[in-house]
Amino acid sequence: MSAERPAVLITGASSGIGATYADRFARRGHPLVLVARDKVRLEALAARLRAEYGVVVDVVPADLTDAAQLATVEARLREDGRIGILINNAGAASKGGFLGADGDALDLLIRLNVTAVTRLAAAVVPRFAAAGQGAIVNIASVLALMPEFPMGNYGATKAYVLSLSQALQNEIGPRGVHVQAVLPGATRTEIWGRSGHDVDQIPGMMAVGDLVDAALVGFDRGETITIPPLPDAGQWEAFEGARHAMRANFGNALPADRYTK
Ligand code: NAP
């Protein structure tokens with residue numbers, strides 16, 4: 001039965017949101033390709049999922065900030081026709097604000113949260129578009145909409161992921177490919193400890209199972225933007241409506257009166 005379902009390649013599958021996606025897609029009977037740096041954790045998760053759900057699970061250890069290792073995952077996405085869903089999830093957060101931030105650390109975050117996400121999508125888009133099917137899920141963040149939050153360039157990387165997802169859906173959605181951006185709020189995972197934050201000091205922390213299950217409801221509905229903690233979808237629609245209303249003026253050939261008087 002699992003052979004009939006598309007395989008799902010999940011980056012950042014060794015913990016948190018990615019490991020939970022792996023569990024949920026295995027439960028649905030999908031074969032999996034799990035990517036992260038920690039081979040031991042990936043192998044342990046793969047063994048559990050094979051035993052529990054009887055699905056085929058491949059493990060691909062890779063540091064996605066390393067161009068050569070990223071290229072191996074890109075090649076897998078290009079060449080493995082079984083893979084029909086990409087979960088672009090691997091990511092990290094910044095330790096603090098921009099002031100005093102180290103340039104190399106800012107660059108490393110861009111390589112993981114922006115470059116890897118982009119290159120992996122680019123590797124698979126031509127195949128999905130040609131097949132007229134497939135799905136790409138990009139894990140962004142509500143911080144894509146909260147640039148005032150003091151987390152260095154993290155919010156900016158997630159604003160990029162949101163914008164890229166909308167552009168991709170616009171371009172390849174009509175070709176039969178589903179692109180979804182998921183915007184989690186604060187979710188209880190290792191990302192907080194890894195970036196020097198005390199998870200217990202942050203209010204309103206969502207359980208990772210609740211987050212992924214809600215994201216999958218949005219996925220099954222064919223949503224382009226899924227914001228699991230947002231109760232009123234109309235607020236997102238109003239936000240998009242305001243953007244589209246402005247857009248009507250962006251093509252004006254002359255500066256607005258307020259800049260000429
Ligand atoms: P997490 O538990 O720290 O998971 C991050 C995953 O990314 C791990 O599997 C990690 O595995 C992998 N990873 C980190 N650096 C990598 C690298 N250089 N190469 C390959 N894999 C790498 O955190 P999470 O919360 O589940 O994060 C998943 C996504 O959700 C991220 O994109 C994050 O920005 C986003 N998000 C999280 C929250 C939240 O509050 N938790 C909120 C909004 C958005 P290895 O260490 O084994 O490589």
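Just so we're clear, the structure is a prediction, and the values are computed from it rather than from any experiment. Counting starts at 1 for both ligands and their atoms, in listed order.
In this structure, of Ala90, Gly91, Gly16, the residue bringing a heavy atom nearest to atom 5 (C) of ligand 1 is Gly91. Nearest to atom 3 (O) of ligand 1 by heavy atom, out of Met206, Arg194, His197, Met205, is Arg194. For atom 29 (C) of ligand 1, the candidate residues are Leu70, Leu109, Thr65, Asn89; the nearest heavy-atom contact is made by Asn89. Residue nearest to atom 33 (C) of ligand 1, selected from Ile10, Leu42, Leu34, Ile191: Ile191 (by heavy-atom distance).
If you check the side chains of Glu223 and Thr226, you find a donor sitting under 3.5 Å from an acceptor.
Protein heavy atom at the shortest distance from atom 16 (C) of ligand 1 is Arg37 NE, 3.5 Å. Counting protein heavy atoms only, atom 11 (O) of ligand 1 is closest to Ser14 OG, 2.8 Å. Summary of contacts: the protein heavy atom closest to atom 36 (N) of ligand 1 is Tyr154 OH, 3.6 Å. The closest protein non-hydrogen atom to atom 35 (C) of ligand 1 is Ile139 CG2, 3.7 Å. In terms of protein heavy-atom proximity, atom 19 (N) of ligand 1 is nearest to Leu64 N, 2.9 Å. Counting protein heavy atoms only, atom 4 (O) of ligand 1 is closest to Ser15 OG, 3.3 Å.
Between Asp63 and ligand 1, an N or O atom pair is found at a separation short of 3.5 Å. Considering backbone and side-chain N/O of Ile17, one or more are found under 3.5 Å from N/O of ligand 1. Distances between N or O atoms of Gly12 and those of ligand 1 include at least one value under 3.5 Å. Ligand 1 has no N or O atom lying under 3.5 Å from any N or O atom of Leu112, backbone or side chain. Not a single N or O atom of Asn113, backbone or side chain, sits closer than 3.5 Å to an N or O atom of ligand 1.
Between Lys158 and ligand 1 there is a heavy-atom distance shorter than 4.0 Å. Ligand 1 has Ala140 within reach: a non-hydrogen atom of the residue lies less than 4.0 Å from it. Within the 4.0 Å heavy-atom shell around ligand 1 one does not find Arg41. Under the 4.0 angstrom criterion for non-hydrogen atoms, Gly185 is in contact with ligand 1. For Ala19, the heavy-atom gap to ligand 1 stays at 4.0 angstrom or more.
Here the closest heavy-atom approach between residue Ile139 and residue Lys158 is recorded as O-NZ, 2.9 Å. Closest approach of Ala123 and Glu74 over heavy atoms only: CB-O, 3.6 Å.
Without hydrogens or angle criteria, Asn113 side chain to Ala92 main chain gives a donor-acceptor distance under 3.5 Å. Listed for the Gln169 side chain is a donor-acceptor partner under 3.5 Å among the backbone atoms of Val179.
A salt bridge between Arg111 and Asp66 is absent, with no side-chain N of the basic residue lying under 4.0 Å from a carboxylate O of the acidic one.
Using a 4.0 Å cut-off between heavy atoms, Ala116 makes no contact with ligand 1 at all. Contact annotation for Ala62 and ligand 1: only backbone heavy atoms (N, CA, C, O) come within less than 4.0 Å of the ligand.
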